[in-house]
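Below is one structure, written out as structure tokens, with a few remarks after it.
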There are 2 protein chains.
Amino acid sequence: MKISELSRTTGVPVASIKYFRRQGLLPAGRATAATLAEYGDEHVQRVRLIKALTTLGGLSIAATRDVLAAVDGAEGPDGTLKAISYALPVPVAQAPVEDADQEAEAESAAAADVADLVAAMDWRVAAASPHVQGLRAALRELRRLDAGYQPDRLVAYAELAHAVAGLDLERAAGFDDSPALAEQAVIVLALSGPVLELLRRLAQEDRVRRRMELVGDGDDLL
Amino acid sequence: MKISELSRTTGVPVASIKYFRRQGLLPAGRATAATLAEYGDEHVQRVRLIKALTTLGGLSIAATRDVLAAVDGAEGPDGTLKAISYALPVPVAQAPVEDADQEAEAESAAAADVADLVAAMDWRVAAASPHVQGLRAALRELRRLDAGYQPDRLVAYAELAHAVAGLDLERAAGFDDSPALAEQAVIVLALSGPVLELLRRLAQEDRVRRRMELVGDGDDLL
DNA sequence: AGTGCTAGATAGTGGCAGTATCGAGTTGGG
DNA sequence: CCCAACTCGATACTGCCACTATCTAGCACT
């Protein structure tokens, strides 16, 4: 398949495909001549995956490269899962800020919140895990806004998150023996977040409408 | 308080504060002279809110402006909730794509998935809701990747999302009579998503570690 | 032989989120 | 009273990112 066909079947412009090549997201086609290369189904799938990770998953090109590197460098199912889990970017810019004293207070309080939560859930996570860092940063900001979570409320969220992660892993593990294990795993791990977020929004909309008890409200339902 | 003090207490550069003003995210201070204005605690809170929405919530400046407009134009608690819910951006670029025939097939299949889900959950959501559009787009992309959700699995995620939304709304409603209702509501609705995502990642890490049964693994836990 | 496609390299575009600079005005300390 | 330090608002500039366009040189089918 020529690059123009690859472009047509994926719906991605030729120039973008070349760009992905340059950025190392996509392997080169099999060169048949100095100015001609042959692409296969694996390229189609890879291009679609790149598109899904960037548009659905909201990953940057650099983050996508890291994730795909984890996919390609997979060593055993569990190692792959861990590599992908760590390659995925954390959705919080963790600026330490260090400003006044109250900031330091919020900082340590947030750290304590995270520690308590992890203990309460009996989670095994690395102290240096980017997810821990990110959660600390998030809780710190919420505290600064006087909108901190009470511990029991945080635990309630955590339990739901734990259940979701259970669904994800179960699904990812279902592909264990497939040749495309890593690829399916990255789809599950990276894209269930956005799907869950969408479902949360939908559920939120439902609950708000029911609260309003103005079910008709001028909008067509369903 | 002068702008330099506002900058110091919030940790946001003066130039950025001015930028927020220009973009209509922040009301002007009370002018005391042609080149001097007085800022108050409400400005401190607003700046922090802007920072939280953009960094934690990942909102663009434009989206933040829309959300804050919904906050300021609030009419009654429930109306506020609805306005905020709709002002929040949907985390999926919903490009219709319209390419080949198989695309149309994935499109309608995704639409059917969403309809079935909404029916199964007995959710009341607008047919034109951005969240419905977004979910359709997301499921379509997943289908194209041969990674669609089976209906029962999707329902399982939806039930968890429903539970999360319940926690959120309960919390947002707890502020009903406060003067800062809308502000707290936007914090809960906009920022619980990222927090949940972080918790999901943390839970994922825990489950992966347990699967590996290499608990030590060289990393310090907790 | 000519038209149309291709590869790879380099340069350019448009959007976004600030950041810097400027002229005009104000204020607080000496 | 004077001047350095600060402020206002407006305008321009910067850096990053994800493409997108252009160019040169080479195939390939008719």
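Below, chain A is the first sequence line, B the second, and so on; all start at residue 1. Just so it is clear, the values below take in all heavy atoms, side chains as well, and ignore hydrogens, waters and symmetry mates.
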Using a cut-off of 4.0 Å on non-hydrogen atoms, how would the nucleic acid contact of [X] be classed: base, sugar-phosphate, or nothing?
X       : result
A:Thr32 : nothing
B:Ser4  : sugar-phosphate
A:Ala37 : sugar-phosphate

Could you give the [atom1]-to-[atom2] distance, from [X] to [N], as a whole number of Å?
X       : N      : atom1 : atom2 : answer
A:Ile17 : D:dC19 : CD1   : P     : 12 Å
A:Gln23 : D:dC16 : CD    : P     : 15 Å
A:Glu5  : C:dA7  : CD    : P     : 11 Å

Nearest to the side chain of [X], heavy atoms from C-beta on, is which of [options]?
X       : options                : result
A:Arg21 : C:dT6, C:dG8, D:dC19   : C:dG8
A:Thr35 : D:dT7, C:dT6, D:dG9    : C:dT6
B:Ile3  : D:dC8, C:dT26, C:dA17  : D:dC8
B:Ala15 : D:dC19, C:dG18, C:dT19 : C:dT19

N/O donor-acceptor pair under 3.5 Å between B:Arg171 side chain and B:Gln184 backbone: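 Here the side-chain-to-backbone pair does not exist.
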
Main-chain N/O of B:Val12 paired to B:Ser7 side chain as donor or acceptor, under 3.5 Å: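 Checked: pair present.
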
Considering only nitrogen or oxygen atoms on both sides, find all protein atoms under 3.5 Å from nucleotides 9-15 of chain C and state each distance.
none

SB check B:Arg46 B:Asp72 (cutoff 4.0 Å):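 Yes.
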
